[in-house]
Each structure stands twice: as structure tokens, then as C-alpha cells.
Novice: 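Below is one structure. I have some questions about it.
Values below: every heavy atom of this structure, side chains too, minus hydrogens, waters and symmetry copies.
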Amino acid sequence: MKEQWQTWHDDEKSVAIDITGGKKAMVSGAALAAGVLNVDIFYMDYREYDNVIRAPKAGTEYLNRLPNPMEVFGEVEFAKAVELFHSLNYSEAAQIFARLYQAVPSEEFGYHAYMLLAEAYYCWDTFDIQKAYGKMKTLCDLLAKLSRYYPRTYPLARYHSWLIKQWGMLKTLSQMMKETVKTKFISLELLQDLEKLVPLIFSLCQNALRRSDQQKFDMGALLLYRVLEMMAQRRLALHGIDTEHPEYPEKERDSLEQT
């Protein structure tokens, strides 16, 4: 079947598999192959059955197109969502994962976890930090629960420890954003706190790199400029100079000249 598919299949032709005849093992194999190759599956079905002769009534037969098993379980859509995710289109990926989770709500398939991850990254990418933190917290709580039921096979298992670190970064950013909203600028104390400042600087830097991958160079350059500006603010803050209300005492001016 694979060889025939490679021979027949091209952009201008469609291929279908008829699983009506054959032994059960042959029919099962054909259906599985159709699912993997993502081709139409047809079966000669019937609307009425004659119990006397134990056969379909003549004239009631019809060609039935069966749903692709891979589509039923969401494998095709899942692959599309993963591709969108890796191309940094977190919003559309999250929408597909959400549809899959609604259709197949079992946590074992992982659609819920992937949906939360895509939503968290989308919010982080758009600097909606509070919402990103909430999504990531929900995701980490879910993974902790799944790890007890599926110790080695739960969704995103290999990334669990890294996602916990990202959750911690988002928590720091969330707290910092609350402070910034109140003051409307980055305070001197915040600029002096490297533990809080590093997640913000690297969030801006990684966002700029993603904009570059998307060929949005103007936005990427603007973000990198902000990173450089913040690094300069940090340097001045270590000398006690607040760029929002700068004061340059003689002693600090001499110190700056020396550095």
C-alpha cells in the first residue's frame, strides 16, 4: 500500500482506500495505513439487512466514506498545532489545542497541557505577564498532578523542570509589573535588584529574537534598544543615580568618570 501510494500520489490526484473486502487482519491493516497516510477510507455499506438470507438487501448498498481514525483522535490537527507552535504562532496553536481538548478531554492525550503552554507563551510574548503567570501556574500544577498518575509518560514530562523555572521567572516578573504599574516607571531599587531585573532583560531580548525570526526587524530593534537602555539604567543605579530623577553629586560624577 505504501509503495502504491508513493506511485499514485501527487498534488493533482487524490487517493482512497476501499476496506470492504479481505480478511479482518487485512482490513485492519488497510485502515491503519489509510490513517497514517491521511487518505480517504471507503466502505461498501448498506441500509437494510435481510435476516433470512443473512445478507444486505439488494439495492440498499451505498458507498460510505469513513472518518480518518487519526482525525478522530486529533493526530492531524495536533501535528498542525505543533508546527504553528514551533513557528512562534502561539495564538493559533492554542486555539487548535483547545478544540482538541474539547473533543478529547482525557488528560492522558496532553491537549490540555499543550493548550496551557501555548496560551502562557502567547501572553508572555505579548507582555501580558499577569495572565502568562496564571497560565503557567495552572500548567505546572496540572503536570505535578499528572506526574503522579503517569510517572514517565505524562505530557511535557521532559520539560517539567524547565517549565517550573519559567514559572518562577514569570512570578518575579508579575510582582515587578505590579510595582511598576503603581510607580509608572522602573524604580531605583528595582534596577539595583539583579534577581528581578534579569528575567525582564532576557524576556525583552528573547522577544526581540522572535521578532527577528518573524522578520519584524523594526520591533526587534526597538526591543534591543530598550535592553541596552535598561543596562545603562542598571549601571547608573549601582552608583545611586535614578534616571527618572537624576542628581549628579560631585563625588558620584568623579566616580563615573573613573569607570
Novice: So, taking the atom named CD1 in I96 and the one named NZ in K80, what distance separates them when rounded to the nearest 0.5 Å?
Specialist: 5.0 Å
Novice: Any salt bridge between D141 and K137, counting N to O under 4.0 Å?
Specialist: yes
Novice: So for atom OH, which belongs to Y149, do other residues, nucleotides or ligands contribute more than 12 heavy atoms lying within a distance under 6.0 Å?
Specialist: no
Novice: Taking all non-hydrogen atoms of both residues, which atom of P155 and which atom of G110 are closest, and how far apart?
Specialist: CG-CA, 3.3 Å
Novice: Would the distance check show the side chain of Y49 and the main-chain N or O of R54 forming a donor-acceptor pair, the cut-off being under 3.5 Å?
Specialist: yes
Novice: For E61, look at atom CD and say whether over 12 heavy atoms of other residues, nucleotides or ligands are found less than 6.0 Å away.
Specialist: yes
Novice: Going through the distances and angles, do Y133 and L173 end up as a side-chain contact (heavy atoms from CB on, under 4.5 Å)?
Specialist: CA-CA 8 Å; Y133 168 64; L173 286 170; over 6 Å; no
Novice: Are Y225 and L197 joined in one hydrophobic group, where the rule is that I, L, V, M, F, W and Y side chains link up if heavy atoms are under 4.5 Å apart?
Specialist: no
Novice: Nearest heavy-atom pair of A237 and L191: which atoms, and what distance?
Specialist: CB-CB, 3.6 Å
Novice: Any heavy-atom pair between the side chains of W124 and I129 that's under 4.5 Å?
Specialist: yes
Novice: Ignoring hydrogens and angles, tell me if any N or O in the side chain of S28 forms a donor-acceptor pair with the backbone of A25 under 3.5 Å.
Specialist: no
Novice: At what distance, to the nearest 0.5 angstrom, does OG1 of T172 lie from CG of L200?
Specialist: 11.0 Å
Novice: Give the intermediate values and the outcome of side-chain contact (heavy atoms from CB on, under 4.5 Å) for residues H86 and V82.
Specialist: CA-CA 6 Å; H86 287 301; V82 170; 3.4 Å; yes
Novice: Once you round to the nearest 0.5 Å, how far does CG of L222 lie from NZ of K216?
Specialist: 13.5 Å
Novice: Hydrophobic clustering (ILVMFWY, side-chain heavy atoms < 4.5 Å, transitive) - are M219 and Y122 grouped together?
Specialist: yes
Novice: Return yes if some donor-acceptor pair links the side-chain N/O of R65 with the main-chain N/O of I41 below 3.5 Å, else return no.
Specialist: no
Novice: Are any of the side-chain heavy atoms of R234 and L194 separated by less than 4.5 Å?
Specialist: yes
Novice: Determine whether F127 and L224 fall in the same hydrophobic cluster, where Ile, Leu, Val, Met, Phe, Trp and Tyr are linked whenever their side-chain heavy atoms lie under 4.5 Å apart.
Specialist: no
Novice: Y150: which residues meet the ring pair (Phe, Tyr, Trp, His ring centres under 6.0 Å) condition with it, sequence neighbours left out?
Specialist: none
Novice: Can you tell me how far apart CD (Q192) and CD (Q233) are? Round to the nearest 0.5 Å.
Specialist: 12.0 Å
Novice: Taking all non-hydrogen atoms of both residues into account, name the closest pair between M115 and A94 and its distance.
Specialist: CG-O, 3.9 Å
Novice: In residues 160-171, what donor-acceptor pairs under 3.5 Å come from side-chain atoms, sequence neighbours left out?
Specialist:
unit_1 : atom_1 : unit_2 : atom_2 : d
H160   : ND1    : Y154   : OH     : 2.8
Q166   : OE1    : Y121   : OH     : 2.7
Q166   : NE2    : Y121   : OH     : 3.3

Novice: Looking at R226 and E229, does any basic side-chain N land under 4.0 Å from a carboxylate oxygen?
Specialist: yes
Novice: Please round to the nearest 0.5 Å and tell me the distance separating atom CZ of R210 and atom OG of S87.
Specialist: 13.0 Å
Novice: Can any side-chain N or O of E119 pair as donor or acceptor with the backbone N or O of L117 at less than 3.5 Å?
Specialist: no
Novice: Tell me if a side-chain donor or acceptor on N207 pairs with a main-chain N or O of D125 at a distance below 3.5 Å.
Specialist: yes
Novice: One pair to check against side-chain contact (heavy atoms from CB on, under 4.5 Å): M44 and L63. What are the steps and the verdict?
Specialist: CA-CA 5 Å; M44 186 58 68; L63 196 60; 4.0 Å; yes
Novice: If you compare all heavy atoms of V27 against all heavy atoms of I19, which two are closest, and at what distance to 0.1 Å?
Specialist: CG2-O, 3.5 Å
Novice: Roughly how far, to the nearest 0.5 Å, is the CE atom of M176 from the NZ atom of K196?
Specialist: 9.0 Å
Novice: Can you name the closest pair of heavy atoms from V52 and D50 and give their distance?
Specialist: N-OD1, 2.9 Å
Novice: Can a side-chain donor-acceptor contact be found between T20 and D18 if the only test is distance below 3.5 angstrom?
Specialist: yes
Novice: Are there over 12 heavy-atom neighbours, none belonging to Q130, within less than 6.0 Å of that residue's CD?
Specialist: yes
Novice: Are M231 and L223 connected in the hydrophobic side-chain network, where two residues link if heavy atoms are under 4.5 Å apart?
Specialist: yes
Novice: Is there a path of hydrophobic side-chain contacts, each under 4.5 Å between heavy atoms of I/L/V/M/F/W/Y residues, joining M26 to L66?
Specialist: no
Novice: For D218, does the CG atom have more than 12 heavy-atom neighbours from other residues, nucleotides or ligands under 6.0 Å away?
Specialist: no
Novice: Regarding R211 and Q214, is there a side-chain donor-to-acceptor distance under 3.5 Å anywhere?
Specialist: yes
Novice: For a 4.5 angstrom cut-off between non-hydrogen side-chain atoms, does Y101 reach Y114?
Specialist: no
Novice: Under 6.0 Å between the ring centres of Y90 and F85?
Specialist: yes
